[in-house]
Amino acid sequence: MTQVTFMIVSKPRLLLSACAVLALVASGCGKGTPPTGKVTGKVLLDGEPLTTGSVLYIPNPTGQYASGKIDKDGSYSLTTFVNGDGAVLGKHRIIVSAVKEVKNEGDPVVPLTPSKYSNENTSGLEADVKKGENVVDLNLSSQDDQKGKRTAAKR
């Protein structure tokens, strides 16, 4: 049988403990984080910059995800532990997701990218992140074609 014991903690001590936990989380828990490579690039849909959305790198087979927001010019930069640090080293499957801005609450959400790109198993987008700078452009097609496997273009 498990016994739970509660301690009465003063507000200053509780606040100090909470700050210490937040500092550990914000720092990525110190030296225990795996190495990352900086990842930037552009997302194009049918040759034109995608102006909104997000990019998600999923390590293959497992590991810490990296994500980035797509800017108005189609560019993105990934973050895993600290803003702009990139993605953990190694192979990744990539998801790209973008929806049209909803003007009124209750309006339907309209995807800007084909649904295949929002699933790591069907997107066909992959990258191998190396130490240092990685520029990975993602060229998407509005034709929901599952025939060929696409690989992210590295510059």
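- Residues in residues 94-114 take part in no ring-ring contact (aromatic ring centres under 6.0 Å, His included) pair, two or more places apart or across chains.
- Clustering ILVMFWY residues whenever any of their side-chain heavy atoms sit less than 4.5 angstrom apart, transitively, puts Leu140 in a cluster other than the one holding Ile58.
- Taking CG of Leu78 as the start and OH of Tyr57 as the end, the distance is 5.5 Å to the nearest 0.5 Å.
- Residue Val136 is grouped with residue Leu89 when hydrophobic side chains (ILVMFWY) are merged at heavy-atom distances under 4.5 angstrom, including chains of intermediate members.
- Residues passing the side chain to side chain contact (heavy atoms under 4.5 Å, CB included) test with Lys38 are Thr40, Glu133, sequence neighbours excluded.
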Give every donor-acceptor pair under 3.5 Å between a side-chain atom in residues 45-53 and any protein atom, sequence neighbours left out.
| residue | atom | partner | partner atom | Å |
| --- | --- | --- | --- | --- |
| Asp46 | OD1 | Ser142 | N | 2.9 |
| Asp46 | OD1 | Ser142 | OG | 3.4 |
| Asp46 | OD2 | Ser142 | OG | 2.6 |

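- No donor-acceptor pair under 3.5 Å is formed between the side chain of Tyr76 and the backbone N or O of Asp137.
- Tracing side-chain contacts under 4.5 Å through hydrophobic residues (I, L, V, M, F, W, Y), one never reaches Leu112 starting from Leu44; they form parts of separate clusters.
- Listed by first then second residue, pairs satisfying salt bridge (Lys or Arg N to Asp or Glu O under 4.0 Å) with a partner in residues 90-103 read Arg93-Glu120, not counting sequence neighbours.
- Scanning all heavy atoms of the two residues, the minimum distance from Gly84 to Ser77 falls at CA-OG, 4.3 Å.
- Looking at every heavy atom in both residues, Thr113 comes nearest to Val96 through OG1-O, 3.9 Å.
- Applying the salt bridge (Lys or Arg N to Asp or Glu O under 4.0 Å) rule to pairs touching residues 76-90 yields nothing, sequence neighbours excluded.
- Across every non-hydrogen atom of Ser67 and Leu56, the tightest pair is CB-CD1, 4.0 Å.
- If you take OG1 on Thr122 and CD1 on Ile95, they are separated by 8.5 Å, rounding to the nearest 0.5 Å.
- When all heavy atoms of Val88 and Pro34 are compared, the pair lying nearest together is CG1-CG, 3.7 Å.
- The shortest side-chain heavy-atom distance between Gln64 and Thr80 falls under the 4.5 Å cut-off.
- As a member of the Ile/Leu/Val/Met/Phe/Trp/Tyr network built from side-chain separations under 4.5 Å, Val109 groups with Val99, Val102.
- By the side-chain hydrogen bond (donor to acceptor under 3.5 Å, both in side chains) test, Thr79 is found to be paired with Asn83, residues two or more places apart in sequence or in another chain being considered.
- Partners of Asn60 under the side-chain hydrogen bond (donor to acceptor under 3.5 Å, both in side chains) rule, at least two apart in sequence or in another chain, do not exist in this structure.
- Separation of atoms CD (Glu126) and CD1 (Ile94) is listed at 8.0 Å; rounding is to 0.5 Å.
- With sequence neighbours excluded, the residues that form a salt bridge (Lys or Arg N to Asp or Glu O under 4.0 Å) with Asp71 are Lys69.
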### Query
Does the pair Lys42 and Asp73 meet the rule for a side chain to side chain contact (heavy atoms under 4.5 Å, CB included), with working shown?
CA-CA 8 Å; Lys42 282 205 174 216; Asp73 65 352; 4.2 Å; yes
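- The side-chain heavy atoms of Tyr65 and Pro59, taken from C-beta on, include a pair separated by under 4.5 Å.
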